[in-house]
Amino acid sequence: MPPFNPNIIPATIKALTTFVQTLDKHRFGAIMLIVVMTFAGALMAVPYLPTLLA
């Protein structure tokens, strides 16, 4: 496994910032970002549902 490259963190933040700014220019893009983030959060919570409901 190659050593961790600390330069990837600022590059990732910059790329995500550019992505969000591009989506924010269009109303549909901003709405889709919210929908995708909500859906992803719900999918990540699914494995924990049996524990929470027990």
Side-chain angles (χ1 to χ4, degrees):
M1 188 168 161
F4 178 72
N5 184 0
N7 294 334
I8 197 167
I9 295 171
T12 303
I13 293 172
K14 184 177 180 184
L16 287 173
T17 303
T18 305
F19 177 66
V20 171
Q21 286 174 348
T22 303
L23 288 179
D24 201 33
K25 291 179 183 176
H26 309 284
R27 182 181 301 271
F28 181 73
I31 292 170
M32 285 306 296
L33 179 63
I34 293 169
V35 169
V36 168
M37 288 175 67
T38 304
F39 185 69
L43 283 179
M44 287 186 281
V46 167
Y48 299 103
L49 283 178
T51 306
L52 292 173
L53 296 177

_Quick check on side chain to side chain contact (heavy atoms under 4.5 Å, CB included): which of Thr18, Thr12, Ile13 does Leu16 satisfy it with?_
Thr12
_Running the 4.5 Å side-chain criterion over Ile, Leu, Val, Met, Phe, Trp and Tyr, what cluster does Ile31 land in, apart from itself?_
Val35
*Would you give the length of the straight line joining atom OG1 of Thr38 to atom CG of Leu43, rounded to the nearest 0.5 angstrom?*
11.0 Å
*Could you pull out all residues at least two apart from Thr51 that satisfy side chain to side chain contact (heavy atoms under 4.5 Å, CB included)?*
none
*Please say whether more than 12 non-hydrogen atoms of neighbouring residues, nucleotides or ligands are located less than 6.0 Å from CG in Leu49.*
yes
